[in-house]
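Worksheet: the structure to be examined is printed underneath.
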Amino acid sequence: MLRFAPSPTGDMHIGNLRVAILNYLVAQQNNEQFLVRIEDTDVKRNIEGKDTEIMMLLEKFAVIHNSVFHQSEHLNLHQTLALRLLKEEKAFVCKCTDEELEADREEAKANRVAYRYSGRCQDLTQDDYVALKESGKPFVVRLKKPTSDIINHDVIKGDISTAPNEVDAFVILRTDGTPTYNFACACDDMLSNISFIIRGEDHLSNTPKQIHIKNVLGYENETKYAHLPIILNSDGKKMSKKDSASSLKWLFEEGFVPDAILNYLLLLGNAKVAPKEIFTLPEAIEWFDLTKISKSPAKFDMNKLRFINREHLKMMDDRQLSTLFGFADADIGKLAKLYLEEASTIKELETKILPIFRPKDFTGEWGEEMRVIADLIFDAPAFDEFDTFKTYIMKKSGFEGKKFFKPLRYLLTGAENGPETSDIYPLIKSYILEVAS
RNA sequence: GACCCUUUCAUCUAGUGGCCAAGGAUAUUGCGUUUUCAUCGCAAAAACAGAGGUUCAAAUCCUUUAGGGGUCGCCA
């Protein structure tokens, strides 16, 4: 069982999406189930509606899940498990105040050592828990440190060993009784029997904690891990909300299509086994090798994304492409593809296609000639072939060379430059009266 | 500061001791084609982070220095 576990606390970005895609892809490759778990344990940060937004986005990328649930539904389970650890003395209640903990941190900082939990409450017992509960005083539950190194086998990074001190005695249940991220996450992974966890590198330091939790809960099945190198912006820093390109919403607005975004994300850090650069998700499932992903962070390259987007636009069905510009005509799709030689996104394509159908400006350098040609077209019979059309207009107008082609191009496309008019004509001839005006 | 990860052209990468005076793709530049701008074709420029080892032989193994990134919450 594989899983994607987003929190509904903000807009989904390309890093999240990459994780989702890869989990789905590996599940497909291994014939395993793929689960979506909405991690909504931080009530304050949850944003209404983000969960459905995430699900819609996954659907848009054809990442199909077998089941989905909200982590908050498991509140009772998490509490029960935490209490069990308390009873077994694998965890302890901690009544340290914020001030005390803050002082500890200050001290660690002053001494230039890493902050670790002081151990002040670690000998508190089950009786203390009962007393604390009756008194109504605030307390949290912490998990005791492991007694030996935690080793996690990462299929990308290799074996990583973590000392007990690094794992530390961390909080698993908050003052309000809700589980912390690491605890809820590990419990649910255990409960769902997740066999392979693929996530971002920023979770690397959480992994020993989560392994430790599963260990003390007596979970014996082995879990494989893969921590993906993070995606950097052009400045070489971790991509964040500040980088517009990280936002899927922004990418869609800019005219990038899902297939291209997916293709790019899969290519990033992984050129090794790809038999070709342009591919679809079903194709990638055939040959993608997660273990071959590069270990170092990769910079986001807008130029490459643009190239890939162009290639996917070329592969799109003609009629379907035309619907993106408000048509339902394969010829318009073909027309758009002609313009792919100078545009890479739907947004850029729009700036080429829409002016063709808008009223033209007859006041420019070639205005006079355009008027003459437009009048001729208005009275002319319909021509199927560009050659016969061209010959007819040339003859009737008496224009030739630049004096003919420039105004003709401008009249038909509203632009000075562009693809061959001979290629454009057959695709717009059924709209010729609207176009040439 | 501590801990962990990482280091080949501008960018993504190929490369697992000899096939590498390092290959591909994108981007860039030049030439050719094109009654336009482009596309396309051809070509060019462009990298093993530094220093020490090991070896007949190192991009590849070891040591070390430097750089980059991540994480150090009752956030996820």
Side-chain angles (χ1 to χ4, degrees), chain A residues 5-10 16 39-42 44-46 71 94 96 98 101-102 105 108-116 138-142 154 156-158 160-163 165-168 170-185 199-208 227 229-232 234 236-238 264 267-274 276-278 292-308 310-311 338-343 352 400-406 408-410 413 415-423:
Chain A
S7 60
T9 54
N16 301 133
E39 305 216 319
D40 56 348
T41 53
D42 186 352
K44 295 174 290 285
R45 294 211 314 155
N46 287 341
Q71 193 161 47
C94 171
C96 293
D98 285 347
L101 295 173
E102 193 48 46
R105 279 196 195 93
K109 204 171 176 183
N111 294 335
R112 299 188 153 198
V113 293
Y115 162 76
R116 291 287 114 87
F139 67 90
V140 298
V141 177
R142 281 178 190 273
D154 191 294
I156 295 175
K157 305 275 182 190
I160 299 166
S161 157
T162 309
N165 248 337
E166 296 304 318
V167 178
D168 206 13
F170 58 95
V171 176
I172 58 172
L173 232 48
R174 301 184 187 111
T175 312
D176 64 1
T178 58
T180 57
Y181 161 73
N182 275 310
F183 191 64
C185 181
R199 58 191 358 178
E201 193 176 29
D202 44 342
H203 285 283
L204 202 53
S205 54
N206 288 323
T207 304
H227 286 94
I230 53 162
I231 302 173
L232 270 25
S234 47
K237 299 285 180 195
K238 181 182 177 181
Y264 178 68
L267 200 61
L268 201 59
N270 197 83
K272 204 170 285 192
V273 280
K276 51 180 177 176
E277 282 201 309
I278 307 300
K292 296 280 167 50
I293 280 191
S294 145
K295 293 179 188 188
S296 50
K299 272 188 195 170
F300 186 87
D301 184 358
M302 185 52 94
N303 276 329
K304 194 85 174 195
L305 211 213
R306 287 172 57 80
F307 161 72
I308 290 173
R310 198 162 63 229
E311 295 302 315
L338 286 182
Y339 278 94
L340 242 23
E341 64 187 36
E342 54 191 86
K352 309 284 181 188
E400 56 186 16
K402 203 175 177 184
K403 202 179 176 185
F404 172 74
F405 286 102
K406 275 280 176 190
L408 178 67
R409 166 181 301 284
Y410 200 84
T413 68
E416 281 190 56
N417 303 312
E420 305 285 347
T421 17
S422 57
D423 290 336

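Lettering follows sequence order; numbering is per chain, from 1.
Nearest to the side-chain atoms of A:T180 among the listed nucleotides B:rC74, B:rC12, B:rU71 stands B:rC74. Listed candidates were B:rA76, B:rA25, B:rU36. Nearest to the side chain of A:K406 is B:rU36. Distances were taken from every side-chain heavy atom of A:Y115 (C-beta onward) to each of B:rG73, B:rG70, B:rU36; the shortest belongs to B:rG73.
To the nearest whole angstrom, the two C1' atoms, one in B:rA10 and one in B:rA76, are 35 Å apart. With both ends at atom C1', the span from B:rG17 to B:rC61 equals 8 Å, rounded to whole Å. Nucleotides B:rC62 and B:rA25 are separated by 32 Å at their P atoms, to the nearest Å.
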Below 3.5 Å between N/O atoms, which protein atoms pair up with nucleotides 3-10 of chain B? Just atom names and distances, please.
residue	atom	partner	partner atom	Å
B:rC5	O2'	A:K157	NZ	2.7
B:rC5	O2'	A:E201	OE2	3.3

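OP1 or OP2 of B:rG73 lies within a sub-4.0 Å distance of a side-chain N or O belonging to A:R105. Look at A:R310 and you'll find a side-chain N or O under 4.0 angstrom from OP1 or OP2 of B:rA27.
Every residue meeting the side-chain hydrogen bond (donor to acceptor under 3.5 Å, both in side chains) condition with A:R116, not counting sequence neighbours, appears here in chain and number order: A:E166. Every residue two or more places apart in sequence or in another chain was checked for a side-chain hydrogen bond (donor to acceptor under 3.5 Å, both in side chains) with A:N111, and none qualifies. With sequence neighbours excluded, the residues satisfying side-chain hydrogen bond (donor to acceptor under 3.5 Å, both in side chains) with A:N206 are A:N182, A:H203. For A:D423, the salt bridge (charged side-chain N to carboxylate O under 4.0 Å, His left out) criterion is met by no residue, not counting sequence neighbours. Judged as a side-chain hydrogen bond (donor to acceptor under 3.5 Å, both in side chains), and not counting sequence neighbours, the contacts of A:K157 are A:E201.
If you check every strand for non-hydrogen atoms under 4.0 Å, A:K44 touches nothing. Here A:S294 lies in heavy-atom contact (under 4.0 Å) with sugar-phosphate atoms only. Among the atoms of the strands shown, base atoms are found under 4.0 Å from some heavy atom of A:P419.
With hydrogens and angles ignored, no donor-acceptor pair closer than 3.5 Å exists between the side chain of A:K304 and the base of B:rA27.
Applying the Watson-Crick and G-U wobble criteria (two distances, each under 3.5 Å), B:rC37 pairs with nothing in any strand.
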